[in-house]
Amino acid sequence: MAASPSSMSGGGGEAAAVRTVVWFRRDLRVEDNPALAAAARTAGEVVPAYVWAPEEDGPYYPGRVSRWWLSQSLKHLDASLRRLGASRLVTRRSTDTVAALLDLVRSTGATHLFFNHLYDPLSLVRDHRVKELLAGEGITVQSFNSDLLYEPWEVLDDDCCPFTMFTPFWEKCLCMADPAAPLLPPKRIHSGDLSRCPSDDLIFEDESERGSNALLARAWSPGWQNADKAFAAFLNGPLMDYSVNSKKADSANTSLLSPYLHFGELSVRKVFHQVRMKQLTWSNESNLDGEEGCSLFLRSIGLREYSRYLTFNHPCSHEKPLLAHLRFFPWVVNEVYFKVWRQGRTGYPLVDAGMRELWATGWLHDRIRVVVSSFFVKVLQLPWRWGMKYFWDTLLDADLESDALGWQYISGSLPDGRELDRIDNPQFEGYKFDPYGEYVRRWLPELARLPTEWIHHPWDAPESVLQAAGIELGSNYPLPIVELDEAKSRLQEALSEMWELEAASRAEMENGMEEGLGDSSDVPLIAFPQELQQMEVDREMVRGTIHIPTPAGRRRADQMVPSMTTSLVRAETELSVDFGSSEVSRAEVPSQGHFQPQMEIREVVNGGTAATNNGVHHQQYNLQNNLNRVRGGVAPSTSEASSSWTGREGGVVPVWSPPVASGHSDPYAADEADISSRSYLDRHPESHRLMNWNQLSQSS
DNA sequence: CGTCTTTTGTA
DNA sequence: ACAAAAGAC
């Protein structure tokens, strides 16, 4: 297992010949960055590089706010690297990362390529290709862990199998040896002569996005040093009351660290160690709430950890339910529902407030994410992947692994997820998370004058109250798009249908096994709506109504909330008189430490396009798929009920594996994406070996 | 006031 | 499905 000197190239010569390309991805920091630290330790020259090839991500081309963050963070990183003595961050625009790296290595005469691990399926495949190709060129390629407390293959149960449930996974993590202490930034970096190594200008926004992006900068400061500050602020502030406050929709109580963590501007290992220290302190002071807050916060770090763990072991987790029977759920493919949800016009105030906040700011409190996604899946019964894709397109902290985990959890597709058949009632959730209605009033100005008593169920309010509040249900605020009772019965029907389909397919499977791999009963993925692929703001909805006279200078293509009717317009204009002078027209993002129940000025989108995501190339990846293997005894119960959980898979959008006939009566279907299938690692020993092999260099 | 029932939270 | 908590009796 030694650090494989055999793969070294060019051998012999003077030490000065060592030149290492450090390939940055989602590890945009100089502190506790193992790849960078290792490169600096070679005492040779270090060429920091970034390759921007978003087309490779297919439908998961980053959304506007995410690209904005990235652009800022790269600037910050470049400045940090220069301060350390590097000449610059070398940037490349490409549609083929591997080719771009090869070119980079050749044009710099580098002998080494270092980078930190990623665990999403695209990266696993691409990084493997990078290693093969560059090693073939005689380049020493090493990769490191910068993103996780523990590598996915390090956390195994007593039988050395990957965990399939979060709780045992996290318990195991917590009793493993502490992760390595964070590394300091390198003292100095020399890049040598880079005059023959051009950089490309990276363009992360188009004209139409500039205005909206400018607003983001008022609330957020990307970059690893700012991550550090935000983390310190959280440690010394909201963390203490984290457990007490975690039930409120108010973002001021949250860490707001997720975008930093997504781009690796903040090291989870550092977070872990510092929170642990706080916890120890509070524990000694018998500060039970504080101590519990630490556990709770670390648990959410654990969920992030687990999301990588899952995608590593089940590379299809962003498109296929991990519980196979869910693949037979008859999702309602209704783009009108989808649109209404996105626009925050479902008639359920808490849901609508959340969706408008997301739209306007790219941010959503975790609780509210659960509310809106649960509503999406259970009340509207839309395919969860649509919701996940919308989150991907709009969230500032969009993260494929975390979002896949979240949506699978909500849609009942995980062994330890929520039950699908229990509908969360947004009204009661409103009482819980937003007891004074402040959150709703802030994001739904049309309901601003409704007394708290009715704010979460305006449909029950007496006519006189509504009138006094200037609300006409069905006109300036919608009636519930689906009644909860109706949703419940529809959900029951859908579930019965799911079980029938599942049973039928299983029967068919048992009969027609020999007929080969045709697998006619395969359930295809539901494609994303075209509209979502372009992230277009719905225009008709807005055009059909009255336009708000838009104050000069505030008209912009933005993710602004579409309004619907005249009376709403009236309410808005009135409000804007009150607040118009105080610059509240910004796309508001939660800022740490205060919460003002304040009206937002809203404007109608005049055909604005939020983002022009054009990277819709559907890539096909040829991950070989073995025949299903059953892992006996791991499933929670192999009893009669669960014996019906057998399914198959299908694929339309990026296909990871060809459809495959499924196993027999296993608790979980045994196929590529399924939770009981053999892990990705088992099926791709090469990747495993490569990773393990390099793991060593990190610990040196 | 104890026991049974309902609701809630759960990654 | 299940345990804990809250509510009903």
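Here the structure is a predicted model, which means the values were calculated and not measured. Proteins come first, then strands; the chains are lettered A, B, ... in the order of their sequence lines, and each starts at number 1. Only heavy atoms go into these numbers, but all of them, side chains included; no hydrogens, no water, no symmetry mates.
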Rounding to a whole Å, what distance do you find between [X]:[atom1] and [N]:[atom2]?
| X | N | atom1 | atom2 | answer |
| --- | --- | --- | --- | --- |
| A:Leu405 | B:dT10 | CG | C1' | 14 Å |
| A:Arg418 | B:dT10 | CZ | P | 8 Å |
| A:Glu429 | B:dT10 | CD | C1' | 14 Å |
| A:Asp416 | B:dG9 | CG | C1' | 14 Å |
| A:Tyr431 | B:dT8 | OH | P | 12 Å |
| A:Asp399 | B:dA11 | CG | P | 19 Å |
| A:Arg367 | B:dG9 | CZ | C1' | 9 Å |
| A:Phe433 | B:dT8 | CZ | C1' | 11 Å |

Hey, do the aromatic rings of [X] and [Y] have their centres closer than 6.0 Å?
| X | Y | value |
| --- | --- | --- |
| A:Phe433 | A:Tyr439 | no |
| A:Tyr260 | A:Trp69 | yes |
| A:Phe234 | A:Phe297 | yes |

Gap between atom CG of A:Asn313 and atom OG1 of A:Thr164 - 0.5 Å precision: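 A:Thr164 atom OG1 to A:Asn313 atom CG measures 10.0 Å (nearest 0.5 Å).
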
Pairwise N/O distances under 3.5 Å, protein to nucleotides 1-8 of chain C:
from	atom 1	to	atom 2	distance (Å)
C:dA1	N6	A:Arg422	NH1	3.2

Answer yes or no for A:Arg369 and A:Trp407: cation-pi contact, defined as NZ/CZ to six-membered ring centre under 6.0 Å and angle to ring axis within 45°.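 Here A:Arg369 fails the 6.0 Å and 45° test against A:Trp407.
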
Is the distance from OP1 or OP2 of B:dG9 to the nearest side-chain N or O of A:Lys432 less than 4.0 Å?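 For B:dG9, OP1/OP2 do have a side-chain N/O of A:Lys432 under 4.0 Å.
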
A:Phe166 aromatic ring stacked with six-membered ring of B:dA11, 5.5 Å and 30°: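 Per 5.5 Å and 30° rule: no stacking.
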
Side chains of A:Asp424 and A:Ser374, donor plus acceptor under 3.5 Å: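 Per modelled atom types, A:Asp424 and A:Ser374 side chains form a pair under 3.5 Å.
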
